[in-house]
Amino acid sequence: MDRKDRDSTFDWQEPNDYISWHINLAKSTNTPRELDPVLISRRLLPINFAAIHTTVFTVTNTLLDLVGSDPACGYIPGIAEECSRVFASEQWQWSKPALARLVRTDSAIRDSMRISGFMTRGMLRKVTAPAGLANEKAGWTLPQNAFVGTDVYSVHMDPEIYQRPEEYDAFRFSREREDFEQKVREREKRGEVVGDGEREELLRLKGMGLVTTSETFLPFGHGRHACPGRFFVSTELKMLISHLVRNYDIEPLPSRPKNKWFGQNVIPPMKQTIRVRRKADDTSPVPNAEMDGKAKGAGDGDGAA
Ligand code: HEM
């Protein structure tokens, strides 16, 4: 970077990555302390920690939830059909809007995060106010330095919020949206006007996407400190699942292997295996295109799917 600053003919292009952002920020805010390589690595490590095991647990859980479901539910063929259809319509090149159309895939990941989330207590916070925190209505107080978190598991398993909460339903969040979109398409075909009410309903249904946090969907936390990596991870997981279901036959398991609880965490069984076989007919003329890092605009901005 320094050399490029001194000599613009130097043949080097700055990578668009965390370390470069960090260095640029340190320079633009005149904080030379932040340029210390040891400090940079200390900033980077927690991000790696926040990003990697969370993603691995989530994709493992989604696969186990899918493979452990009754094949009669048709989840994997349904997702494969959606991925093939959208991928083909995009000339075998993922883009952010194309990934946003994978509503079944999105829903399959979302319901897995709800039912098989690795964190049963979320949003741990420390009370810093010297006077503590009081909830007069509920009749409790928390002293300074107390820790408080949210019982995420009970919210995700509440039958008043989710119908049959103990069941993994891969299309829980997409079924209604697909039906609604189909009806709107039919009305448009008949030349009928789509009104504000329908547009609002569509917005509500889009709000049931993976990256949308709420008081009732908490695997990414909620509010000010909600996971900023969720947009990236939604892109990554959809591409990964799409690649798998489009290119491999996956043998169903007789039942969903049990996750392991320890303390307030739940992790997938580490020794579980699944059987896959490469499909004879390759479904795209550009094999592995979606895994070659060619998704356009992936990871930036919002994107409720
Ligand atoms: C499926 C994968 C992931 C899950 C389930 C997840 C979940 C979470 C949760 C529950 C929080 C805490 C929210 C809170 O305390 O309010 C969090 C925070 C965070 N996550 Fe993720 N995360 C995932 C992937 C990622 C990735 C890929 C990155 C980075 C590329 C990332 C970066 C962060 C960061 C920097 C924070 C701290 C945000 C803050 O304190 O303001 N996460 N994540």
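Each ligand, and each atom within it, is numbered from 1 in the order the structure gives.
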In the protein, which heavy atom is nearest to [atom], and how far is it?
atom: atom 17 (C) of ligand 1; result: Cys227 CB, 3.5 Å
atom: atom 7 (C) of ligand 1; result: Pro219 O, 3.5 Å
atom: atom 23 (C) of ligand 1; result: Thr54 OG1, 3.4 Å
atom: atom 27 (C) of ligand 1; result: Ala51 CB, 3.5 Å
atom: atom 32 (C) of ligand 1; result: Ala50 CB, 3.9 Å
atom: atom 40 (O) of ligand 1; result: His225 ND1, 3.1 Å
atom: atom 1 (C) of ligand 1; result: Thr58 OG1, 3.2 Å

Name the atoms and distances for all side-chain donor-acceptor pairs under 3.5 Å in residues 154-165, with sequence neighbours left out.
residue	atom	partner	partner atom	Å
Ser154	OG	Asp151	OD1	3.2
Ser154	OG	Asp151	OD2	2.5
His156	ND1	Arg114	O	3.4
His156	NE2	Leu218	N	2.9
Asp158	OD1	Glu160	N	2.8
Tyr162	OH	Thr216	O	2.5
Arg164	NE	Glu167	OE1	3.1
Arg164	NE	Glu167	OE2	3.3

**Request:** Could you check Phe118 against Trp261 for ring pair (Phe, Tyr, Trp, His ring centres under 6.0 Å), going step by step and ending with a plain yes or no?
**Result:** CA-CA 9 Å; Phe118 53 82; Trp261 283 65; over 10 Å; no
**Prompt:** Once the angle between the rings of Tyr18 and Trp21 is folded into 0 to 90°, is it parallel (under 30°), tilted (30 to 60°) or perpendicular (over 60°)?
**Reply:** perpendicular
**Sole residue of Lys206, Arg204, Gln182 in side-chain contact (heavy atoms from CB on, under 4.5 Å) with Arg177** = Lys206
**Message:** Between the side chains of Arg104 and Glu81, is the shortest nitrogen-to-carboxylate-oxygen separation below 4.0 Å, so that they form an ion pair?
**Reply:** yes
**Message:** Is there a polar contact, in the sense of an N or O pair closer than 3.5 Å, between His222 and ligand 1?
**Reply:** no
**Asked** Less than 3.5 Å between some nitrogen or oxygen of Arg125 and one of ligand 1, yes or no?
**Response** yes
**Request:** Report yes or no: does Pro228 have a heavy atom closer than 4.0 Å to ligand 1?
**Result:** yes
**Asked** Are more than 12 heavy atoms from other residues, nucleotides or ligands located less than 6.0 Å from atom CD of Glu186?
**Response** yes
